[in-house]
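For reference, the structure is listed below as structure tokens.
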Amino acid sequence: ESFEALKYKGIAKMFDKQYAAALADFEEYERKFESDGDIFYNKGQCQLRLGQLEGAVSSFKKVLNITPDDVEVIFLIAENNYSLGRAEEAIMMCDSVLNKRDCYVQAMNLKGVAQMDVGKAEEALSTFKSGISCSPYYPDFHLNKGIAYIKLGKNEEAIKQMDIALGMAPSSGLAYLIRAQAKHNLGDKSACKDLDKAISLGITVSEQQRGAICR
């Protein structure tokens with residue numbers, strides 16, 4: 001079987017969502033022929049969809065050995081590192097993306113979320129503010145900026161951010177949930193109304209969580 005036939009057979013299986021079979025074809029290609037960036041990338045995408053995150057990271061890193069400035073692939077590595085619980089590595093990879101493309105909004109958002117995970121809420125807040133300067137209408141920046149404010153004890157600021165987020169996306173259950181938490185922290189009885197609105201919009205909240213806010 002020629003290298004082109006094997007390569008495109010794998011790609012066809014990917015499009016048909018036969019990821020395990022496609023991965024087997026790409027791995028066979030690797031054994032038989034000199035691999036190129038497309039093979040490593042497609043192999044990584046199959047591994048990602050099969051939940052093989054470590055393998056996906058390894059495959060995407062091989063892409064970077066060929067095309068080191070591919071910001072899309074660098075970001076995929078950042079996302080996978082974050083999913084694997086490696087927040088610090090995710091931050092470093094996001095910085096690598098942002099050094100090459102300073103307003104890559106997904107990388108800015110992931111960096112801020114990862115910074116909050118490692119206890120750097122002030123740095124996360126700065127990241128989200130920079131993100132809003134780049135893309136004022138990206139709702140996740142406002143949502144996560146609100147979470148950062150809550151972590152810093154600035155609940156009034158968190159409520160303002162959720163008001164902005166709801167102005168952009170009135171059906172955001174997460175925005176109502178975050179605003180409910182901020183209001184609850186301030187002793188505002190209307191927190192329960194926001195929480196019930198969040199639940200009505202599909203946010204799952206335990207009875208214990210609801211009881212804590214709607215006492």
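Everything numeric here is computed off the predicted structure, so don't read it as measured data.
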Taking it one step at a time, do Asp70 and Tyr41 satisfy side-chain contact (heavy atoms from CB on, under 4.5 Å)?
CA-CA 11 Å; Asp70 191 328; Tyr41 179 81; 5.9 Å; no
Say whether Ile178 and Tyr149 are linked into one hydrophobic cluster, either directly or through other cluster members, by side-chain heavy-atom distances under 4.5 angstrom.
no
Is it the case that one hydrophobic cluster holds both Leu98 and Met92, taking links as side-chain heavy atoms less than 4.5 Å apart, direct or via other members?
no
If two hydrophobic side chains count as joined below 4.5 Å and joins carry through other members, does Tyr138 share a cluster with Val97?
yes
Step-by-step salt bridge (Lys or Arg N to Asp or Glu O under 4.0 Å) determination, Lys9 to Glu28
CA-CA 11 Å; Lys9 186 169 77 171; Glu28 184 181 351; 5.4 Å; no
To the nearest 0.5 Å, what is the distance between OG1 (Thr67) and CD1 (Ile74)?
8.5 Å
So which atom in Asp36 and which in Ile39 form the shortest heavy-atom distance, rounded to 0.1 Å?
OD1-N, 2.9 Å
Is any side-chain heavy atom of Asn144 less than 4.5 Å from a side-chain heavy atom of Asn109?
yes
Apply the test side-chain contact (heavy atoms from CB on, under 4.5 Å) to residues Phe128 and Glu123: give CA-CA distance (whole Å), side-chain angles for both, the deciding distance (0.1 Å), then the verdict.
CA-CA 9 Å; Phe128 296 133; Glu123 291 181 27; over 6 Å; no
Could you walk me through whether Asp117 and Tyr82 pass the side chain to side chain donor-acceptor pair (under 3.5 Å) test, one step at a time?
CA-CA 10 Å; Asp117 281 4; Tyr82 183 75; 2.5 Å; yes
Between the NZ atom in Lys151 and the CD atom in Glu122, the distance rounded to the nearest 0.5 Å is 13.0 Å
Nearest atoms (heavy-atom pairs only) where Ala22 meets Lys13:
CB-CB, 3.8 Å
Starting from Tyr176, can I reach Leu174 by hopping between I/L/V/M/F/W/Y residues whose side chains sit under 4.5 Å apart?
no
Assess whether side-chain contact (heavy atoms from CB on, under 4.5 Å) is satisfied between Asn81 and Ile91, documenting all intermediate values.
CA-CA 9 Å; Asn81 275 324; Ile91 292 167; over 6 Å; no
At what distance, to the nearest 0.5 angstrom, does CE of Met168 lie from CG of Asp140?
11.0 Å
Salt bridge check, Glu72 against Arg101: does any charged N sit closer than 4.0 Å to a carboxylate O?
yes
Can you confirm whether or not the ring centre of Phe60 sits under 6.0 Å from the ring centre of Phe40?
no
Closest non-hydrogen atom pair between Cys103 and Met108, with its separation:
CA-SD, 4.3 Å
For the residue pair Lys183 / Ser190, report whether a side-chain donor-acceptor contact shorter than 3.5 Å exists.
yes
Partner of Leu195 under side-chain contact (heavy atoms from CB on, under 4.5 Å), picked from Gln209, Arg210, His184, is Arg210
Would you please indicate yes or no on a ring centroid separation below 6.0 angstrom for Tyr29 and Phe26?
no
Would you call Glu54 and Arg86 a salt bridge, using N to O less than 4.0 angstrom?
yes
Counting only heavy atoms not in Lys100, do more than 12 fall under 6.0 Å of its NZ?
yes
Looking only at heavy atoms, what is the nearest atom pair of Cys134 and Asp102, with distance?
SG-O, 4.1 Å
Nearest-0.5 Å distance that lies between atom CG in Asn155 and atom CD in Gln181:
8.0 Å
Does any non-hydrogen side-chain atom of Phe75 lie less than 4.5 Å from one of Met93?
no
Give, for atom CD1 of Ile213 and atom NZ of Lys193, the distance between the pair rounded to the nearest 0.5 Å.
15.5 Å
Between atom CG of Leu143 and atom CD of Gln161, what is the distance when rounded to the nearest 0.5 Å?
9.5 Å
So, the side chain of His142 versus the backbone of Pro136: is there a donor-acceptor pair under 3.5 Å, distance only?
yes
